[in-house]
Amino acid sequence: MEHLWAPWRIEYVQMKRPTGCILCDKPKEDADVANYILYRGTLNYVIMNSYPYNPGHLMVAPYRHVATPEDLTPDESCEHFEIIGRCVKVLRQVFEPAGFNTGMNIGKVAGAGVDGHIHSHIVPRWQGDTNFMPVIGDARVIPQALAETYMKLAGKL
Ligand SMILES: [Zn+2]
């Protein structure tokens, strides 16, 4: 995989991590739009990555605090993968990417941003990628880009 140039992520890399688990907390807050939660399944939900590698970077996570995929129940596991498929389908329709990266980073050493609560990343890919993100290291553009992406995807999953 080629490295994506994503200068806006410096804010994420440098920030102090909140205590607790955001993947447990966000769905309990009853603020899906503010939290960029796009879809709630029975056992898993979809949340936009606030520090995306590309527009439309989504994450699928179980509601339950599970550190590793072998601890998912068969039902959680099945729905998790079904929702990944749903995300890919909708992203394809809305953004017409040329491809996707999907996968999990398990453990800090593997690059997990939220260690201890598994989540699958779905990152749409284009030829030339960052040409599509109207950002030249300007962090203020990110919330606007996130809100626009949310509006494009809301209700479609
Ligand atoms: Zn958690």
Side-chain angles (χ1 to χ4, degrees), residues 1 3-4 6-92 94-95 97 100-125 133 135 139-157:
M1 169 176 166
H3 288 276
L4 284 168
W8 53 87
R9 297 196 84 253
I10 194 69
E11 189 192 337
Y12 173 72
V13 171
Q14 292 174 339
M15 79 178 183
K16 285 209 172 77
R17 294 287 186 277
T19 52
C21 175
I22 60 159
L23 290 176
C24 283
D25 294 344
K26 297 269 183 190
K28 290 176 190 156
E29 283 172 11
D30 193 27
D32 285 3
V33 175
N35 285 328
Y36 300 124
I37 291 173
L38 276 167
Y39 178 78
R40 286 174 177 268
T42 310
L43 302 167
N44 296 264
Y45 69 101
V46 179
I47 186 168
M48 285 172 52
N49 191 309
S50 296
Y51 296 89
Y53 281 104
N54 256 349
H57 180 171
L58 306 181
M59 303 190 297
V60 179
Y63 295 111
R64 202 161 62 88
H65 190 84
V66 174
T68 181
E70 65 265 35
D71 291 342
L72 288 171
T73 67
D75 284 349
E76 282 171 332
S77 201
C78 184
E79 192 199 56
H80 192 94
F81 210 76
E82 186 263 318
I83 292 176
I84 291 173
R86 217 179 249 265
C87 291
V88 167
K89 185 179 175 186
V90 169
L91 288 169
R92 215 191 283 285
V94 173
F95 292 114
F100 293 90
N101 292 112
T102 77
M104 287 181 189
N105 302 322
I106 299 163
K108 273 202 176 64
V109 72
V114 182
D115 196 21
H117 192 139
I118 54 165
H119 50 286
S120 294
H121 293 269
I122 298 128
V123 182
R125 300 296 305 265
M133 199 70 168
V135 173
R140 284 169 304 176
V141 180
I142 294 302
Q144 188 193 333
L146 289 172
E148 281 172 20
T149 300
Y150 188 88
M151 293 315 292
K152 282 180 187 158
L153 296 173
K156 296 203 168 72
L157 283 162

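Order of appearance sets the numbers: ligands from 1, and atoms from 1 within every ligand. Below, all heavy atoms of this structure are taken into account, side chains as well, without hydrogens, waters or symmetry copies.
Distance alone, capped at 3.5 Å, is enough to place a donor-acceptor pair between the Thr73 side chain and the Glu76 backbone. No donor-acceptor pair under 3.5 Å is formed between the side chain of Glu79 and the backbone N or O of Gly41. His80 places no side-chain N or O within donor-acceptor distance of the main-chain N or O of His119, the cut-off being under 3.5 Å.
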Pairs under 3.5 angstrom only: tabulate donor-acceptor contacts from the side chains of residues 149-157 to other protein residues two or more places apart or in another chain.
| residue | atom | partner | partner atom | Å |
| --- | --- | --- | --- | --- |
| Thr149 | OG1 | Ala145 | O | 2.9 |
| Tyr150 | OH | Ile37 | O | 2.8 |
| Lys156 | NZ | Lys152 | O | 2.8 |

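Between His117 and Pro62, the shortest heavy-atom distance links the atoms NE2-O, 2.7 Å. Nearest heavy atoms, Met104 versus Ser120: CE-OG, 3.4 Å.
Excluding waters, the protein N/O/S atoms found under 2.8 Å from the Zn ion (ligand 1) are Cys21 SG, Cys24 SG, His65 ND1, His117 ND1.
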